[in-house]
Amino acid sequence: MTFRTRFAPSPTGPLHLGHAYSALLAHDMAQAERGTFLLRIEDIDRSRARDSWEAQIYDDLGWLGMTWPAPVMRQSDRQAAYDAALDALWSRGLLYPCTCTRADIAAATSAPQEGAPLLGPDGLIYPGTCRGMSDCTGPRPKDAALRLNMHKAVAGMGVLSFEETGCSAATYRINAADLVTTVGDVVLARRDMGTSYHLSVVLDDAAQKITCVVRGQDLFEATHIHLVLQRLFDLPTPRYHHHRLIRDDQGRRLAKRDDARAISLYRHEGIDPQKLRLIVGL
Ligand code: GLU
Ligand code: ZN
């Protein structure tokens, strides 16, 4: 199978050193394997995505010496695929509407059962308040968030596994049933977006025939959710390469708002792409 990987930034701010590392690593791996490097614009969050940030992404990556085939997949063009997938899950009875606010969830989880994990890949593990509250027949509601009923979703899945070649190379095996407590009922369609990172990333990686997902270690736990979705949609599980995170001088990982580490600033300071590679340890 020919190697295909991707870099999937969100155009919601400047690319920083962490993005440069991730993109260059994926690009280098594709070159070494004589494979393909794809770019995907993850712009489902319409309230934060800006055309100017997208333009800056192309500019910065080009400056770093990267090339990618056109056309570039943009998640904002993919709503029909997301809707079809949500309809399929809805008709299988695996989704339910949730109207809880963040404050509702925080209040409901403030008195946890002893030993129950509180935090999953998406933050507080949903306490299940809205589960079983609506009869989920009829058309799929569009005016509420939709959560995956994890208990139903993982029934009969047994063991899920994936190949990891990044930080801790190994074959990982997880008991699907454990995700009921370690992940819980994650949101697959946000009310304001009509989709979610988890749903879109799984469908898009499959649509782009990605064989190796290169991304930061911070998404390692999210991969568990992605394995469940791949199984539900009968999609192949790619290999994963979760890489180390680039940290600032205080050892904190860089965030989007870390404009001080923006690639564009290094460019303006006259640093060349080769030097930038050295800065991120490539
Ligand atoms: N848009 C996501 C991010 O910026 C991509 C994550 C992924 O590669 O799966 O973190
Ligand atoms: Zn709810």
Side-chain angles (χ1 to χ4, degrees), residues 8 10 40 42-47 49 73-102 104-105 108-109 120-158 160 174-210 219 221-238:
S10 304
R40 180 169 75 229
E42 302 219 319
D43 57 351
I44 47 175
D45 189 345
R46 302 307 295 156
S47 66
M73 180 181 279
R74 299 166 84 235
Q75 291 191 323
S76 52
D77 295 331
R78 299 260 304 145
Q79 193 57 46
Y82 307 148
D83 280 335
L86 289 166
D87 284 341
L89 293 181
W90 176 258
S91 64
R92 288 162 70 180
L94 296 177
L95 301 178
Y96 62 89
C98 169
T99 51
C100 297
T101 61
R102 273 173 202 276
D104 293 337
I105 296 170
T109 48
D122 280 354
L124 284 177
I125 292 176
Y126 183 64
T129 321
C130 297
R131 192 191 311 125
M133 298 289 271
S134 348
D135 85 349
C136 296
T137 53
R140 174 167 63 89
K142 303 274 165 61
D143 55 352
L146 297 176
R147 289 185 179 272
L148 180 67
N149 182 323
M150 190 61 85
H151 180 75
K152 277 193 188 174
V154 298
M157 275 191 188
L160 300 168
I174 47 173
N175 229 329
D178 291 347
L179 300 186
V180 174
T181 45
T182 59
V183 171
D185 294 354
V186 286
V187 170
L188 290 190
R190 279 174 50 167
R191 196 171 70 98
D192 55 341
M193 286 186 190
T195 182
S196 59
Y197 161 67
H198 300 302
L199 183 78
S200 293
V201 86
V202 163
L203 296 175
D204 294 348
D205 283 337
Q208 292 193 296
K209 298 190 165 43
I210 299 302
L219 288 166
E221 306 297 326
T223 298
H224 297 174
I225 302 169
H226 303 170
L227 296 181
V228 170
L229 295 176
Q230 285 153 3
R231 187 70 79 86
L232 287 175
F233 295 124
D234 209 10
L235 297 172
T237 292

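All residue numbers refer to positions in the sequence shown, counting from 1. What you see below is based on every heavy atom in this structure, not just the backbone, and it leaves out hydrogens, waters and symmetry mates.
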Quick one, [X] and [Y] - any side-chain contact, counting heavy atoms below 4.5 Å?
{"X": "Leu188", "Y": "Leu146", "result": "no"}
{"X": "Arg46", "Y": "Ser76", "result": "yes"}
{"X": "Gln230", "Y": "Pro238", "result": "yes"}
{"X": "Cys98", "Y": "Val187", "result": "no"}
{"X": "Val154", "Y": "Val180", "result": "yes"}
{"X": "Asp178", "Y": "Val183", "result": "no"}
{"X": "Cys136", "Y": "Leu95", "result": "no"}

Nearest-0.5 Å distance that lies between atom [atom1] in [X] and atom [atom2] in [Y]:
{"X": "Thr182", "Y": "Ile174", "atom1": "OG1", "atom2": "CD1", "result": "7.5 Å"}
{"X": "Leu94", "Y": "Leu89", "atom1": "CG", "atom2": "CG", "result": "6.0 Å"}
{"X": "Leu235", "Y": "Asp205", "atom1": "CG", "atom2": "CG", "result": "10.0 Å"}
{"X": "Asp122", "Y": "Ser196", "atom1": "CG", "atom2": "OG", "result": "8.0 Å"}

Distance-only donor-acceptor check, side chains Ser10 and Glu42, under 3.5 Å: no
Will you find, in the side chains of Tyr82 and Asp204, an N or O donor that is under 3.5 Å from an N or O acceptor? yes
Got a sec, which pairs hit side-chain hydrogen bond (donor to acceptor under 3.5 Å, both in side chains) with one end in residues 143-158, sequence neighbours left out? none
Kindly write out the residues that satisfy salt bridge (Lys or Arg N to Asp or Glu O under 4.0 Å) with [X], not counting sequence neighbours, or none if the list is empty.
{"X": "Arg92", "result": "none"}
{"X": "Arg74", "result": "Asp43, Glu54"}
{"X": "Asp192", "result": "Arg190"}
{"X": "Asp45", "result": "Arg48"}

Residue pair [X] / [Y]: nearest heavy atoms and the distance that separates them:
{"X": "Ile105", "Y": "Pro127", "answer": "CG2-CD, 3.8 Å"}
{"X": "Ala207", "Y": "Met73", "answer": "CB-CE, 4.1 Å"}
{"X": "Met150", "Y": "Gly184", "answer": "CE-O, 3.3 Å"}

Partner set under side chain to side chain donor-acceptor pair (under 3.5 Å) for [X], not counting sequence neighbours:
{"X": "Arg131", "answer": "Asp185"}
{"X": "Arg140", "answer": "Asp83, Asp87"}
{"X": "Gln208", "answer": "Arg40"}
{"X": "Tyr126", "answer": "none"}

Go through the structure and list residues passing side-chain contact (heavy atoms from CB on, under 4.5 Å) with Ala85, not counting sequence neighbours. Leu199, Leu203, Phe233
With sequence neighbours excluded, tell me which residues meet side-chain contact (heavy atoms from CB on, under 4.5 Å) with Asp104. Cys100, Thr101
May I have all residue pairs that pass ring-ring contact (aromatic ring centres under 6.0 Å, His included) and include part of residues 179-206, sequence neighbours excluded? Tyr197-His226, His198-His226
Does Trp90 use its side chain to pair, donor to acceptor, with the backbone of Pro141 at less than 3.5 Å? no
Asn175 and Met157: side chain to side chain contact (heavy atoms under 4.5 Å, CB included), yes or no, with the steps? CA-CA 8 Å; Asn175 229 329; Met157 275 191 188; over 6 Å; no
